[in-house]
Amino acid sequence: MNRKKLQKLTDSLTKNCKHFSKFEVKCLINLFYNLVGEVTERQSVIIGLDRNAFRNILHMTFGMTDDMIMDRVFRGFDKDNDGCISVTEWVYGLSVFLRGTLEEKMKYCFEVFDLNGDSFISKEEMFHMLKNSLLKQPSEEDPDEGIKDLVEITLKKMDHDHDGKLSFADYEQAVREETLLLEAFGPCLPDPKSQSEFEAQVFKDPNEFNEV
């Protein structure tokens, strides 16, 4: 990408991205193109990270292991659903992923957990996610029973209007009362350690970029 184009892209993303400085946006754009590889800039080619490349980053950089959650995080970033994360989606997605406000993170996590996109997290969705994220304990009893119990306990705690499913209002109220419930159904945000390591690696000393 030539300097002029890069400058233009950096400026427009910085303007719309309140959590990153111009320098940080530039670093993220550079990282994006390094990850994608030097793809020729032909109009017919969508330049972006596909599902596998992105999951690899989530796994290697942020220690995520749950396939279902990683898939949902990919969809959370891929706003236009074209199966590819563009440079814009990358910067906007990381803005919330790494530095979002509680409001932004609640909205993001809720979308990740709402598997069928109907604006509710149902018992079935909770069951699927918890079944995936909990370690299988070798025991006599049916592990599914334990997960069903957990779903009931979670509903009791979070379902404020008692309709047997979680709306965003239920979820928001529960998280405001107890922040740990933000990732109640699976780790879909980076832990503080991998977040700071990622930022330290990507946002190197600005003095190296005198031309910024």
Side-chain angles (χ1 to χ4, degrees), residues 10 13-14 16-37 47-79 83-115 121 126 128-136 154 171-172 174-176 178-209:
T10 307
L13 288 177
T14 308
N16 296 313
C17 208
K18 55 183 182 292
H19 299 308
F20 292 131
S21 68
K22 189 168 181 177
F23 166 72
E24 290 168 335
V25 166
K26 198 166 189 175
C27 292
L28 289 171
I29 293 171
N30 286 333
L31 173 65
F32 177 84
Y33 284 106
N34 287 341
L35 290 167
V36 171
I47 299 183
L49 295 167
D50 65 15
R51 191 174 300 257
N52 285 341
F54 186 69
R55 279 171 59 142
N56 205 19
I57 296 162
L58 290 178
H59 181 59
M60 302 303 284
T61 309
F62 298 111
M64 293 192 177
T65 51
D66 185 329
D67 286 341
M68 183 191 279
I69 295 287
M70 287 195 284
D71 203 54
R72 298 296 303 161
V73 173
F74 176 81
R75 290 183 194 199
F77 272 67
D78 180 22
K79 293 292 183 203
C84 229
I85 291 170
S86 68
V87 66
T88 308
E89 289 170 336
W90 166 251
V91 174
Y92 286 167
L94 284 175
S95 166
V96 174
F97 191 69
L98 295 172
R99 299 191 181 170
T101 60
L102 182 61
E103 279 69 24
E104 289 172 324
K105 285 184 171 169
M106 284 193 289
K107 194 166 172 296
Y108 157 82
C109 290
F110 188 83
E111 282 175 10
V112 167
F113 300 146
D114 175 15
L115 300 179
I121 303 172
M126 288 179 207
H128 275 303
M129 287 181 286
L130 291 171
K131 187 173 179 173
N132 259 15
S133 66
L134 293 175
L135 293 169
K136 308 284 181 280
T154 310
Y171 173 74
E172 182 179 21
V175 172
R176 286 192 189 282
E178 176 50 86
T179 323
L180 289 173
L181 291 170
L182 185 64
E183 296 180 84
F185 307 109
C188 56
L189 286 162
D191 62 79
K193 184 171 175 283
S194 52
Q195 176 184 342
S196 54
E197 282 173 5
F198 175 79
E199 293 197 12
Q201 274 179 331
V202 178
F203 305 143
K204 292 269 171 46
D205 179 16
N207 299 327
E208 293 173 35
F209 291 81

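Values below: all heavy atoms of this structure, side chains included; hydrogens, waters and symmetry mates excluded. As the structure is a computational prediction, the values presented were derived from the model and not from experiment.
The aromatic rings of Y108 and F97 stand perpendicular to each other, their planes meeting at an angle above 60°, with 30° marking the opposite boundary. Using cut-offs of 30° and 60° for the angle between ring planes, the Y171 and F110 rings count as tilted.
By the 4.5 Å heavy-atom criterion applied to side chains, L49 and F74 are not counted as neighbours. With contacts defined as side-chain heavy-atom distances shorter than 4.5 Å, the pair L102/V175 qualifies. At a threshold of 4.5 Å between non-hydrogen side-chain atoms, the residues M129 and V112 do not count as touching. Side-chain contact check for T101 versus H19: some heavy-atom pair is nearer than 4.5 Å. You'll find the side chain of M68 reaches within 4.5 Å of the side chain of L115, heavy atoms only.
Note that CD of E111 is 10.5 Å distant from CD1 of I121, once rounded to the nearest 0.5 Å. Rounded to the nearest 0.5 Å, atoms CH2 (W90) and CD1 (I29) are 12.0 Å apart. Between the CG atom in L181 and the SG atom in C109 there is a gap of 11.0 Å [rounded to 0.5 Å]. To the nearest 0.5 Å, atoms SG (C27) and CD (E199) are separated by 11.0 Å. Separation of atoms NZ (K26) and CG (L13) is listed at 13.0 Å; rounding is to 0.5 Å. Here the SG-CD distance, from C188 to E183, works out to 5.0 Å after rounding to the nearest 0.5 Å.
The two atoms that bring C84 and D50 nearest to each other are SG-N, 4.3 Å, heavy atoms only. Here the closest heavy-atom approach between residue G100 and residue K105 is recorded as O-CE, 3.5 Å. Contact record, Y92 with C17: CD2-SG, 4.0 Å, taken as the closest heavy-atom pair.
A donor-acceptor pair is defined here as one N or O able to donate and one able to accept, closer than 3.5 Å; no such pair exists between the side chain of E104 and the backbone of V96. Judged purely by atom type and a 3.5 angstrom limit, Q195 uses its side chain to pair as donor or acceptor with the backbone of L98.
In terms of the side chain to side chain contact (heavy atoms under 4.5 Å, CB included) criterion, residue partners of T61 (sequence neighbours excluded) are, by chain and number, I57, F198. For E24, the side chain to side chain contact (heavy atoms under 4.5 Å, CB included) partners two or more places apart in sequence, or in a different chain, are F20, S21, R99, F203. Residues satisfying the side chain to side chain contact (heavy atoms under 4.5 Å, CB included) criterion with S196, sequence neighbours excluded, are absent altogether.
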Next item on the list: Check step by step if side-chain contact (heavy atoms from CB on, under 4.5 Å) holds for V73 and M70.
Entry: CA-CA 5 Å; V73 173; M70 287 195 284; 5.6 Å; no

Note to self: Checking E103 against K107 for the salt bridge (charged side-chain N to carboxylate O under 4.0 Å, His left out) test, could you report, in this order, the C-alpha distance in whole Å, the side-chain angles of both residues, the deciding distance, and whether it holds?
What the structure shows: CA-CA 6 Å; E103 279 69 24; K107 194 166 172 296; over 6 Å; no

Item checked: side-chain contact (heavy atoms from CB on, under 4.5 Å) between L58 and I69, worked out -> CA-CA 10 Å; L58 290 178; I69 295 287; over 6 Å; no

Next item on the list: List the steps and the verdict of salt bridge (charged side-chain N to carboxylate O under 4.0 Å, His left out) for D114 and R72.
Entry: CA-CA 9 Å; D114 175 15; R72 298 296 303 161; over 6 Å; no

Next item on the list: Determine, stepwise, if the pair R176 / M106 fulfils side-chain contact (heavy atoms from CB on, under 4.5 Å).
Entry: CA-CA 10 Å; R176 286 192 189 282; M106 284 193 289; 3.5 Å; yes

Item checked: Intermediate values then yes/no, side-chain contact (heavy atoms from CB on, under 4.5 Å), D191 and F62 -> CA-CA 7 Å; D191 62 79; F62 298 111; over 6 Å; no

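We find that K193 and E197 are joined by a salt bridge, their nearest charged nitrogen and carboxylate oxygen being less than 4.0 Å apart.
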